[in-house]
Amino acid sequence: MFPIRDHNPSQQTPWVTYALIAINVAMFLLTLPVAGGEMLWARLALYPLAVMHGELIWGLLTHMFLHGGIMHLLGNMLFLWIFGDNLEEQLGRLGFLAFYLIAGLVAAGAQIAAEPFSAIPMVGASGAIAGVMGGYLLLFPRARVDIVAIFIVFFKVFTLPAWVVLGVWLAIQIFGGWTTPGDGGGVAYWAHAGGFGAGVVLALPRFLRLGGRAFWARTQGHPPHPEAVYAPSRIPRVGR
């Protein structure tokens with residue numbers, strides 16, 4: 001089950017969101033083994049233990065433009081595509097870029113705090129994008145998000161409010177962080193949770209400028225403009 005789109009159209013072209021997606025895709029291609037990019041990938045990844053010793057500090061920034069595989073990349077870019085444009089519109093292009101990078105840095109710090117002696121490389125834009133999701137939740141808690149659910153023999157698209165989609169996602173990250181051994185590698189759950197929290201905090205000044213709770217009262221938590229309307233889903237039943 002994963003989101004495919006929201007009903008919250010942006011009123012301007014999200015050039016920074018597009019650029020971030022393009023950079024992530026370009027870095028993925030440059031660091032593919034077939035392109036001879038293994039050494040570059042290893043050099044730019046984030047190593048908590050190294051950072052704790054004051055080494056490879058650039059990994060705090062560069063890791064968020066690397067990915068561990070095509071599905072890792074596609075999943076992150078899908079979330080950035082869905083939620084990034086609206087936050088960019090609210091914060092402005094430079095403001096959104098700063099927001100994204102700071103959220104990614106805080107996410108990295110959260111993961112290092114959770115696993116300071118880990119020598120396992122950490123890569124991915126997930127922490128920064130989690131920040132985008134946190135900011136989106138604060139500003140548009142009741143924006144409608146379309147979810148694809150994959151059942152045994154068919155697919156179904158249904159719509160949920162953003163607070164449900166993003167709240168469940170955050171709960172999964174916290175649960176995963178508490179139950180997953182710290183030295184096993186895999187998903188950087190605390191980076192996701194830390195990035196999400198950073199996103200809420202970083203979006204708070206914009207939320208307050210919009211009126212805070214008065215903004216929620218005016219919009220009922222929905223986007224402050226007409227929502228997008230899509231044709232009913234006609235995803236056919238697929239046998240397996």
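Count residues from 1 along the sequence. Because only heavy atoms are used, hydrogens play no part in the values below, and waters and symmetry mates are left out as well, while side chains stay in.
Counting heavy-atom neighbours within 6.0 Å of W15 CH2, excluding the residue itself, gives a total of 12 or less. Within a 6.0 Å sphere centred on CG of L94, other residues, nucleotides and ligands contribute 12 heavy atoms or fewer.
The hydrophobic clustering, which links ILVMFWY residues whose side-chain heavy atoms are closer than 4.5 Å, places M71 and V25 together. Hydrophobic cluster membership differs between V123 and L49, with clusters built from Ile, Leu, Val, Met, Phe, Trp and Tyr side chains linked at under 4.5 angstrom. Following chains of ILVMFWY side-chain contacts shorter than 4.5 Å, one cannot reach F117 starting from I120, and the two form parts of different hydrophobic clusters. In this structure, I70 is a member of the same hydrophobic cluster as L78, with clusters built from ILVMFWY side-chain heavy atoms closer than 4.5 Å. No continuous path of hydrophobic side-chain contacts links V201 to F215 [ILVMFWY only; heavy atoms under 4.5 Å].
One N or O on the side chain of N86 and one on the backbone of N8 form a donor-acceptor pair closer than 3.5 Å. When atom types are taken as modelled, the side chain of E89 and the backbone of P14 share no donor-acceptor pair closer than 3.5 angstrom. No donor-acceptor pair under 3.5 Å is formed between the side chain of T31 and the backbone N or O of W41. Under the 3.5 Å distance criterion, the side-chain polar atoms of Q90 are left unmatched by any main-chain donor or acceptor of R206. Between the side chain of H63 and the backbone N or O of L60, at least one donor-acceptor pair lies under 3.5 Å. Side chain of W190 to main chain of I112: no donor-acceptor pair is present (N/O by atom type, distance under 3.5 Å, no hydrogens or angles).
The shortest side-chain heavy-atom distance between T17 and Y100 does not fall under the 4.5 Å cut-off. Counting only heavy atoms from C-beta outward, the side chains of P9 and H225 approach each other to under 4.5 Å. Side chains of I129 and F83 form no contact here, defined as non-hydrogen atoms less than 4.5 Å apart. Residues H72 and S126 have side chains in contact (heavy-atom distance under 4.5 Å, counting atoms from C-beta outward). The closest side-chain heavy-atom distance from F65 to L20 is below 4.5 Å. At a threshold of 4.5 Å between non-hydrogen side-chain atoms, the residues L210 and L139 count as touching. Residues V145 and D6 are in side-chain contact: their nearest non-hydrogen atoms beyond the backbone lie under 4.5 Å apart. Looking at F79 and V132, their side chains never come closer than 4.5 Å, going by heavy atoms from C-beta outward.
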- Query: Q111 and L46: side-chain contact (heavy atoms from CB on, under 4.5 Å), yes or no, with the steps?
  - Reply: CA-CA 10 Å; Q111 191 64 29; L46 173 63; 6.0 Å; no
- Checking side-chain contact (heavy atoms from CB on, under 4.5 Å) for the pair R43/L56: CA distance, chi angles, key distance, verdict? CA-CA 8 Å; R43 187 68 174 168; L56 304 179; 3.6 Å; yes
- Where do V51 and I57 land on the side-chain contact (heavy atoms from CB on, under 4.5 Å) test, with the steps shown first? CA-CA 6 Å; V51 171; I57 298 297; 4.1 Å; yes
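Taking all atoms of both residues into account, the shortest heavy-atom contact from L29 to A35 is O-CB, 3.6 Å. Residues R142 and Q220 come closest through the heavy atom pair CD-O, 2.9 Å. Nearest heavy atoms, G135 versus A203: CA-CB, 3.7 Å. The shortest non-hydrogen separation linking A191 to A107 is O-CB, 3.1 Å. A pairwise comparison of heavy atoms in F99 and G131 identifies CZ-O, 3.3 Å as the closest pair. Y47 approaches P121 most closely through the heavy-atom pair CE2-CB, 3.5 Å.
Among Y136, W216, F140, the single residue meeting the ring-ring contact (aromatic ring centres under 6.0 Å, His included) criterion with F207 is W216.
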Quiz: residues 170-179 side-chain donor-acceptor pairs under 3.5 angstrom, not counting sequence neighbours:
| unit_1 | atom_1 | unit_2 | atom_2 | d |
| --- | --- | --- | --- | --- |
| Q173 | OE1 | H192 | ND1 | 2.7 |
| Q173 | NE2 | W169 | O | 3.2 |
| T179 | OG1 | F175 | O | 2.8 |

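Here CG of L74 is found 11.0 Å from CG of N24. Values are rounded to the nearest 0.5 Å. Here the CD1 atom belonging to I150 is positioned 14.0 Å from the NZ atom belonging to K156, to the nearest 0.5 angstrom. Remark: M27 CE to L32 CG distance equals 11.0 Å, nearest 0.5 Å. Within the model, atoms CG of L80 and OH of Y18 stand 11.0 Å from one another, a figure rounded to the nearest 0.5 Å. For the atom pair NE2 (H7) and CZ (R144), the distance works out to 4.5 Å, reported to the nearest 0.5 Å. Separation of atoms CG (N76) and CE (M64) is listed at 12.0 Å; rounding is to 0.5 Å.
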